[in-house]
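Being a predicted model, the structure only gives us computed values, none of them experimental. All values below come from the heavy atoms of this structure, side chains included, with hydrogens, waters and symmetry mates left out.
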Amino acid sequence: MTAETSQTLDRGLRVLKLLADTDHGLTVTELSHRLEVNRTVVYRLLATLEQHALVRRDLGGRARVGLGVLRLGRQVHPLVREAALPALRSLAEDIGATAHLTLVDGTEALAVAVVEPTWTDYHVAYRAGFRHPLDRGAAGRAILAARQAVGADPGYTLTHGELEAGASGAAAPLLGVTGIEGSVGVVMLAESVPERVGVRVVEAAREVADALR
């Protein structure tokens, strides 16, 4: 810790991170051990976070992330979308296909930013807010591939006709962005996706990841 930082705020944020990483919650004792502070400090941190609905405790006393975090999370999408738009515009114009940024939302893939090319005679209509299962479509499959390829580069994923008849997709996952799980991709009216498109999608995903770090 430096003189310019707040130890209490740092500990509170560490509590939230620890709780976010567990499905079963943590007790005061468990948090005390992981934070290496006494139980009284943990009680105070949890009480403060509970007042803001960022933490909740069940009847057994285990602390979990509260619904207040969801309200904060809703403000993340506009920020992520703004950061991603330059790379998506470049991708859409280079390839001549609709480019999109997709994030995980529960068990679904959610398109949060979409850019259509300006110079093509026709292209696939794809709208921000579109949802689909993670195991269908290039965007979702690229995210699943990244989950399985821990410590390795999963490259890009290609699909055809899984979300829209006659449309093919290419997507690459966002890598190295803490707290965000998603992919960047394109969708086009074609029987197959040229290899150069897959390579360009990977490049765009790296550009978006760099913008979000």
Arg127 and Glu116: side chain to side chain contact (heavy atoms under 4.5 Å, CB included), yes or no, with the steps? CA-CA 10 Å; Arg127 296 288 179 263; Glu116 298 177 349; 2.8 Å; yes

Within this structure, what is the [atom1]-[atom2] distance for the pair [X] and [Y], rounded to the nearest 0.5 Å?
X: Leu144; Y: Glu181; atom1: CG; atom2: CD; answer: 8.0 Å
X: Leu31; Y: Leu26; atom1: CG; atom2: CG; answer: 5.0 Å
X: Leu175; Y: Ile180; atom1: CG; atom2: CD1; answer: 12.5 Å
X: Arg57; Y: Glu50; atom1: CZ; atom2: CD; answer: 4.0 Å
X: Leu13; Y: Leu54; atom1: CG; atom2: CG; answer: 9.5 Å
X: Arg131; Y: Leu110; atom1: CZ; atom2: CG; answer: 4.5 Å

Do Val193 and Thr159 touch side chain to side chain, with heavy atoms closer than 4.5 Å?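 When only atoms from C-beta onward are counted, Thr159 and Val193 do not touch, as no gap falls below 4.5 Å.
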
Less than 4.5 Å apart, side chain to side chain, heavy atoms only: is that true for Arg200 and Val197?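 Side-chain contact under 4.5 Å: no.
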
Which heavy-atom pair separates [X] from [Y] by the least distance, and what is that distance?
X: Thr157; Y: Ala145; value: OG1-CB, 4.3 Å
X: Thr120; Y: Gly96; value: CG2-O, 3.4 Å
X: Arg81; Y: Ala113; value: CG-CB, 3.5 Å
X: Leu19; Y: Ala63; value: CD2-O, 3.3 Å
X: Ala204; Y: Ala87; value: O-CB, 4.2 Å
X: Thr102; Y: Ala139; value: OG1-CB, 3.6 Å

Pairs involving residues 13-22, ordered by first then second residue, that meet side-chain hydrogen bond (donor to acceptor under 3.5 Å, both in side chains) (sequence neighbours left out):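 Counting only pairs at least two positions apart or across chains, no side-chain hydrogen bond (donor to acceptor under 3.5 Å, both in side chains) contact touches residues 13-22.
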
Could you check whether atom CZ of Arg147 has more than 12 heavy atoms from other residues, nucleotides or ligands sitting under 6.0 Å from it?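 Counting other residues, nucleotides and ligands, CZ of Arg147 exceeds 12 neighbours.
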
Presence of salt bridge, Arg206 and Asp153, under 4.0 angstrom: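 Answer for the salt bridge query: yes.
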
Let me see the working for Thr118 and Arg89 under side-chain hydrogen bond (donor to acceptor under 3.5 Å, both in side chains), right down to the final yes or no. CA-CA 10 Å; Thr118 61; Arg89 289 193 187 101; over 6 Å; no

Hphob cluster co-occupancy, [X] + [Y], side-chain heavy atoms under 4.5 angstrom:
X: Leu174; Y: Leu91; answer: yes
X: Leu212; Y: Val115; answer: yes
X: Ile95; Y: Val114; answer: no
X: Val186; Y: Leu103; answer: yes
X: Val184; Y: Val187; answer: no

Parallel, tilted or perpendicular for Phe130 and Tyr126, by the 30°/60° rule?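 Phe130 and Tyr126: perpendicular rings.
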
Checking Val199 against Glu203 for the side chain to side chain contact (heavy atoms under 4.5 Å, CB included) test, could you report, in this order, the C-alpha distance in whole Å, the side-chain angles of both residues, the deciding distance, and whether it holds? CA-CA 6 Å; Val199 173; Glu203 179 184 319; 5.7 Å; no

Run the numbers on His132 and Glu162 for side chain to side chain contact (heavy atoms under 4.5 Å, CB included), then give the verdict. CA-CA 10 Å; His132 59 85; Glu162 292 194 358; over 6 Å; no

For the pair His160 (side chain) and Ala190 (backbone), establish whether a donor and an acceptor sit closer than 3.5 Å, ignoring hydrogens and angles.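 Yes; at least one donor-acceptor contact below 3.5 Å.
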
Looking at Thr48 and Arg44, would you say the former's side chain and the latter's main chain have a donor-acceptor pair under 3.5 Å?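 Confirmed, Thr48 side chain pairs with Arg44 backbone.
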
Taking atom types as modelled, is there a side-chain donor on Arg39 or Thr27 under 3.5 Å from an acceptor on the other?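 No, because no side-chain N or O of Arg39 sits under 3.5 Å from a partner of the opposite role on Thr27.
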
If you apply the rule side chain to side chain contact (heavy atoms under 4.5 Å, CB included), what do you find for Leu18 with Leu35, and how did you get there? CA-CA 9 Å; Leu18 287 170; Leu35 293 172; 3.9 Å; yes

